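Note that the structure is a prediction, hence the values are computed from the model and not measured. Just so it is clear, the values below take in all heavy atoms, side chains as well, and ignore hydrogens, waters and symmetry mates. Labels below follow one simple rule: chain letters A, B, ... track the order of the sequence lines, proteins then strands, and each chain is numbered from 1.
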There are 2 protein chains.
Amino acid sequence: MSTEPEVPANRAPTLTDVAKLAGVSVATASKAINGRDEVKAATRARVLKAAELLSFAPNALARALLGGRTGTVGLLTSDLEGRFSIPILMGAEDAFGAGEVSVFLCDARGDAIREAYHVRALLSRRVDGLIVVGSSTDPRPPLAGTIPVPVVYVYAPSADPGDISITVDNVGGGRLAVDHLLACGRREIAHVTGEPGFAAARDRAEGAAAALADAGLSMLGGKPYYGSWDETWGRAAAHIVVEQHPEVDAIFCGSDQIARGVLETLRDLGRDVPHAISVIGFDNWDAIAAHSRPRLTSIDMNLERLGAVAGRRLFEAIAGAEPPSSEQYPGRVVMRDSTAPAG
Amino acid sequence: MSTEPEVPANRAPTLTDVAKLAGVSVATASKAINGRDEVKAATRARVLKAAELLSFAPNALARALLGGRTGTVGLLTSDLEGRFSIPILMGAEDAFGAGEVSVFLCDARGDAIREAYHVRALLSRRVDGLIVVGSSTDPRPPLAGTIPVPVVYVYAPSADPGDISITVDNVGGGRLAVDHLLACGRREIAHVTGEPGFAAARDRAEGAAAALADAGLSMLGGKPYYGSWDETWGRAAAHIVVEQHPEVDAIFCGSDQIARGVLETLRDLGRDVPHAISVIGFDNWDAIAAHSRPRLTSIDMNLERLGAVAGRRLFEAIAGAEPPSSEQYPGRVVMRDSTAPAG
DNA sequence: CTGAAAGCGCTTACAG
DNA sequence: CTGAAAGCGCTTACAG
């Protein structure tokens with residue numbers, strides 16, 4: 001007849017194949033491979049060599065079927081395009097990737113139906129937990145239905161205060177920006193920002209106002225210049241501010257794109273940035289901030305850390321730890337060349 | 001004694017629970033749930049109601065253990081940060097998400113060790129296939145080791161021509177850009193681009209040169225102005241080009257960031273864009289292209305489609321179709337305000 | 001049309 | 001120290 005190969009070519013080698021090749025039972029092979037210490041050294045060596053020979057990789061599905069835990073989590077984003085999701089996602093992936101956890105990525109595209117569909121699929125794959133990444137800092141509705149595994153919301157908090165949400169401290173971020181300008185000796189500070197419909201805009205403005213109040217000052221014009229998040233508004237707003245308040249010596253912008261527009265207009269007007277007028281942005285978006293003239297000082301919200309924290313909290317919750325409560329994280333100032341003491 | 005609940009509270013309901021509640025065998029419950037037609041309508045109804053009642057979701061792991069296929073694929077990126085990966089990833093996620101396939105996301109961070117580690121993990125989770133997303137268009141080494149499932153490389157081709165690679169046609173993209181400028185009646189065309197160490201730079205330049213040659217023209221200065229991919233180089237290069245070739249009437253830029261810098265310098269110099277000089281970029285990066293002055297015409301490489309194609313090809317390969325061969329996809333011109341006929 | 005039995009690849013008490 | 005047996009949750013021939 002034909003020669004009988006130890007292992008059929010067309011399928012992944014199983015523990016049975018390894019055991020056969022090593023001349024032991026599957027039970028023993030299992031113990032050897034998993035480093036249990038009730039195995040004679042010589043036996044273990046034989047098993048490991050056999051596994052090596054067959055490039056055996058234990059079937060994680062079979063394992064999961066037993067253990068209860070699968071070592072997988074779902075990462076649910078509502079908007080991959082938005083650049084805020086990406087660093088968060090990287091942070092989370094990193095927090096897990098270091099361990100034994102694999103991450104399912106699902107983009108709901110901002111659609112509740114798609115989201116529900118994805119959740120269903122993830123649950124049927126028996127993920128150990130879920131991370132929900134929002135695309136704005138506004139609260140979002142909690143996941144529909146009863147979710148039998150821990151869930152951590154990140155960036156956008158869940159509207160249900162009972163849920164675990166890891167968010168950015170935008171009020172603190174606004175404070176940070178203004179405190180930096182104050183440290184540069186600025187007193188006549190305007191705030192140009194995005195749409196007031198966004199919590200991010202309102203929160204940053206609130207923080208800015210509070211920092212100014214603490215210094216006995218108020219915002220130039222008495223309130224923020226609300227508009228949109230882009231450069232076009234930044235350019236227009238700079239014209240308005242300079243005209244209405246020629247004494248302006250600093251502008252805190254709600255985004256780097258706005259700041260970029262402000263910078264361009266100030267350049268067109270021949271204003272000296274950073275000395276006559278200092279400008280600080282928000283987001284620390286490298287592509288925008290690192291190549292403007294001058295290069296833009298900005299607030300970085302440490303989104304990658306945020307993702308990593310979310311990953312760790314989920315991990316803890318899965319491990320059955322005390323359900324962690326919600327947390328807010330502050331940002332930091334990244335100095336470039338658009339802010340400096342008056343000179 | 002105590003009341004006996006139909007299902008213990010603390011674990012996911014199983015098919016056995018459903019069967020018990022419906023008063024049938026697990027075999028019958030399975031058939032009912034899977035829509036096999038050897039089940040009496042009334043029985044099926046009872047089973048479905050029971051499943052509904054328990055919010056039963058079939059355990060995908062157990063299913064996969066049988067069927068051979070898991071309905072999962074691995075998406076291996078080398079650099080999530082790079083903005084090229086994201087649209088590709090969205091396209092792929094979309095191609096799969098529509099079906100029954102879930103996607104594992106792994107970021108190797110450009111590290112071969114991490115990559116090997118992730119591949120190992122994915123294989124032990126028995127993914128049905130792998131998509132490898134590169135971060136530049138330069139060929140990359142194929143995955144190490146023997147991979148027992150289909151692999152599709154996207155954006156960066158595998159260095160092994162026997163592998164399936166889905167890539168962007170950068171030569172064609174360079175052609176497209178120059179053809180557009182020629183259509184605008186331009187004849188004195190310079191090419192400012194990034195580092196010559198990148199295949200993307202060389203390929204686009206090659207396409208540009210070919211299109212010019214076809215029109216009986218050659219590049220202003222005889223060759224591309226190579227530099228770096230950022231705005232700073234764009235600004236510097238524009239000065240150089242204008243000085244060396246005052247007759248310049250169009251500049252093809254190897255990236256939108258370069259183009260943005262070029263635009264700024266031309267503005268500083270008082271040159272009328274698009275009429276005196278037309279400028280076209282590459283990448284169609286909205287944040288950069290849509291807010292410049294004037295807004296930038298650019299080549300879009302349709303990366304999301306690229307990802308979707310990769311997803312479909314992998315799908316076909318998994319289904320056992322003829323191993324698809326490698327493919328290259330052209331881009332398209334996205335008109336904004338920086339190119340126009342001379343006026 | 002329905003159900004008892006075998007089996008997917010593994011791990012874990014439990015004997016020996 | 002080693003192995004036979006049961007079982008994780010499901011599906012699929014095979015009887016009835």
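In this structure, a donor-acceptor pair under 3.5 Å is absent between the side chains of T72(A) and R125(A).
Extent of DNA chain C lying under 4.0 Å from chain B heavy atoms, first and last nucleotide in 5' to 3' order, is dC1(C) to dG9(C).
Along DNA chain D, the nucleotide closest to E38(A) and the one closest to L66(A) are compared, and the more 5′ of them pairs with E38(A). The residue among R126(B) and K40(B) whose nearest nucleotide of DNA chain C lies closer to the 5′ end is K40(B). Along DNA chain C, the nucleotide nearest to L65(B) and the one nearest to V39(B) differ in position, and the one closer to the 5' end is contacted by V39(B).
A 6.0 Å sphere centred on CZ of F56(B) holds more than 12 heavy atoms belonging to other residues, nucleotides or ligands. Residue E52(A) qualifies as open at atom CD: its count of foreign heavy atoms under 6.0 Å is 12 or below. Around atom CD of Q328(A), more than 12 heavy atoms belonging to other residues, nucleotides or ligands sit under 6.0 Å away.
Checked by atom type and distance alone, the side chain of D128(A) never pairs as donor or acceptor with a backbone atom of V73(A) at under 3.5 Å.
Atoms CG and CD1, from L75(B) and I131(B) in turn, are 5.5 Å apart once rounded to the nearest 0.5 Å.
Here F104(A) pairs with F104(B) under the ring pair (Phe, Tyr, Trp, His ring centres under 6.0 Å) rule; sequence neighbours left out. Partners of E115(A) according to the salt bridge (charged side-chain N to carboxylate O under 4.0 Å, His left out) rule, which considers only residues two or more places apart in sequence or in another chain, are R140(A).
Under 4.0 Å is where a charged nitrogen must lie from a carboxylate oxygen, and between R313(B) and E316(B) at least one such pair does.
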For residues 143-159 of chain A, please give each side-chain donor-acceptor pair under 3.5 Å, one per line with the distance, not counting sequence neighbours.
residue	atom	partner	partner atom	Å
Y153(A)	OH	L143(A)	N	2.9
S158(A)	OG	D160(A)	N	3.0
S158(A)	OG	D163(A)	OD2	2.6

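If you check every strand for non-hydrogen atoms under 4.0 Å, R44(A) touches nothing.
Taking a pair as Watson-Crick or G-U wobble with both distances under 3.5 Å, the runs of three or more consecutive pairs in DNA chain D are C:1-3 with D:14-16, C:5-12 with D:5-12, C:14-16 with D:1-3.
Of all the residues in residues 23-33 of chain B, A27(B), S30(B), K31(B) reach under 4.0 Å from DNA chain D with at least one non-hydrogen atom.
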